[in-house]
Protein chains: 2
Amino acid sequence: MAGATRPERRRRSDGETRRAAILDAALEIFSTRGLHGASVDEIAERAGLSKTNLLYYFASKEELYVAVLRRVLDIWLDPLEALDAEAEPADAVRRYIRAKLALSRDAPQASRLFCLEIVQGAPLLRAELEGPLRSLVEAKAAVIGGWIARGRIAPVDPHHLIFSIWAITQHYADFAIQVDAITGRGLQDPDFFARTVASTEALILAGLGLRQTDA
Amino acid sequence: MAGATRPERRRRSDGETRRAAILDAALEIFSTRGLHGASVDEIAERAGLSKTNLLYYFASKEELYVAVLRRVLDIWLDPLEALDAEAEPADAVRRYIRAKLALSRDAPQASRLFCLEIVQGAPLLRAELEGPLRSLVEAKAAVIGGWIARGRIAPVDPHHLIFSIWAITQHYADFAIQVDAITGRGLQDPDFFARTVASTEALILAGLGLRQTDA
DNA sequence: GTCTATATGACGATAGAC
DNA sequence: GTCTATCGTCATATAGAC
């Protein structure tokens, strides 16, 4: 009875950490190879177990893919929910831009997998997009509309404003290879990150008719 | 000798139209399924011939993919080259935005295939990005820098400006599914297209410190 | 839970007749 | 140039021992 591992409960729930490791590895592979380009073998190797063993935790490649995608979607929706109607418009927008760029820096693979899925038509996410995401965007578009009505910002199209912020901030994750090929740098570089935040804030705030304190 | 088809020259070079049809079909399939998700069978069917017959024109799937990608890259690089140093900055930028958005409307699949390739790391395009594209961007960044030096526009970071324009304009092609899920519309809709052009121009020109005549 | 087979099917590519 | 038939490969998924 000495040092034997008790099957019922080791140092921590082993299954959970196993699953988490698989999900991490899967995100990495799926985001660079796509669903069809990725092989279960490769993901398993990256996660440090065998293919058959992986398929013990996730019954199929598609099931694993969906699990990864669901996780990514949660991460993705999060920052927008924080856009606050009560805050000063400039502050709220600035915070949102920073949060999105930080996400592009810290979770580029999640951004890329999301991008791949959307570009390919998102057969799996369609429902999520038309339901929760659409509702959330409508709510936030109304917030922006309220700012306009009260004369706090210039009369912009709220939807296009949101799309523009998404497009710019995600560009630095999704097209990181291209940005690097052209500038030799990326968001990992603190100086480049700061400049990107500043440029994006300046552009968007100018678009809202809110002058910057200057650069 | 009446209506028989002369093998040497029919109504038009048949091989060329065949190849073009294959390339069109391949763009369609590759841009929605990705390289690995697409099957030669599917492309052949879409192009109206058999799999073996397709492989008579293109020796392998990869060869076909590269041919499609090369075509896409040409389309993609084109509009930026037109950015004119001598023109009025506002006019030049407006023209560029319109050209890019028109491309997103008229060749969304090309944009999507390019996006897929870049997001996945562009092993094939790396050289093109670091060579011709980088040079082109440097040249155009210098044009923008010249405008700034002469006090024609606000002092923005030329690279980030270019990236922002790319990001916004391509977003409407690459994330068309998402845009549609949220707004129920897309660039095909003339009214939506016009609004998108107006919003994007207003945003970018404001960022350059160039006031609009209003909307 | 993890392993060693192995079943199964899809797909890229080739051979060879016409 | 186009067809039919087929080969070979790879990868998902399962069976069953430990």
Side-chain angles (χ1 to χ4, degrees), chain A residues 3-69 120 123-124, chain B residues 3-69 120 123-124:
Chain A
T5 57
R6 278 297 190 74
E8 26 169 69
R9 187 150 289 271
R10 303 200 224 191
R11 60 191 79 86
R12 260 289 315 279
S13 165
D14 224 14
E16 280 313 300
T17 55
R18 251 333 195 194
R19 280 181 67 97
I22 293 170
L23 286 168
D24 286 345
L27 173 58
E28 208 163 316
I29 306 294
F30 281 140
S31 67
T32 59
R33 298 246 197 293
L35 168 57
H36 301 288
S39 81
V40 176
D41 231 340
E42 200 179 2
I43 296 169
E45 189 184 19
R46 168 83 54 167
L49 37 63
S50 70
K51 177 171 60 169
T52 32
N53 200 3
L54 185 155
L55 288 168
Y56 165 80
Y57 290 97
F58 294 90
S60 74
K61 184 187 178 179
E62 265 73 19
E63 185 182 311
L64 173 58
Y65 183 74
V66 171
V68 175
L69 212 56
Q120 296 184 17
L124 246 136
Chain B
T5 57
R6 281 294 190 75
E8 26 169 67
R9 185 152 289 271
R10 303 200 223 189
R11 59 191 79 87
R12 261 292 312 280
S13 165
D14 224 14
E16 280 314 299
T17 56
R18 250 337 195 193
R19 281 180 68 96
I22 294 170
L23 286 168
D24 285 345
L27 172 59
E28 208 164 317
I29 306 294
F30 281 140
S31 67
T32 59
R33 299 246 198 291
L35 167 58
H36 300 288
S39 80
V40 175
D41 231 339
E42 200 179 0
I43 296 169
E45 189 185 19
R46 169 82 55 168
L49 36 61
S50 70
K51 177 172 61 167
T52 32
N53 200 3
L54 186 154
L55 289 168
Y56 165 78
Y57 290 96
F58 294 89
S60 74
K61 184 185 176 181
E62 266 73 19
E63 185 182 310
L64 173 58
Y65 184 73
V66 172
V68 174
L69 210 57
Q120 296 184 16
L124 246 134

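Shown here for A21(A) and A47(A), the closest heavy-atom pair between the two residues is O-CB, 3.9 Å. The two residues K51(A) and D41(A) make their nearest non-hydrogen contact at CB-OD1, 3.8 Å. Among all heavy-atom pairs drawn from A38(B) and I29(B), the shortest one is CB-CG2, 3.6 Å. Between A67(B) and L23(B), the shortest heavy-atom distance links the atoms CB-CD2, 3.9 Å. Between R46(A) and E28(A), the shortest heavy-atom contact is NH1-OE2, 2.6 Å.
The CZ atom of R18(B) sits 10 Å away from the P atom of dG1(D) (whole-angstrom rounding). Between F30(A) atom CZ and dA11(D) atom C1' there is a gap of 13 Å when expressed in whole angstrom units. The CD atom of E63(A) sits 11 Å away from the P atom of dT14(D) (whole-angstrom rounding). Whole-Å rounding puts the L54(B) CG to dT14(C) C1' distance at 15 Å. Regarding I22(B), its CD1 atom lies at a distance of 11 Å from the C1' atom of dG1(D), rounded to whole Å. L49(A) has its CG atom 11 Å from the C1' atom of dG1(C), to the nearest Å.
Considering only side-chain N and O atoms, Y56(A) lies nowhere under 4.0 angstrom from the phosphate OP1 or OP2 of dA13(D). Regarding contacts with the backbone of dC3(D), a side-chain N or O of S50(B) is found under 4.0 angstrom from either OP1 or OP2.
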Seminar exercise, completed: In B/S/- notation (B base, S sugar-phosphate only, - none; protein heavy atoms under 4.0 Å), nucleotides 8-13 of chain C written 5' to 3' is ----BB
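Every pair passing ring pair (Phe, Tyr, Trp, His ring centres under 6.0 Å) that includes a residue from residues 19-42 of chain A is listed here, sequence neighbours excluded: F30(A)-Y65(A).
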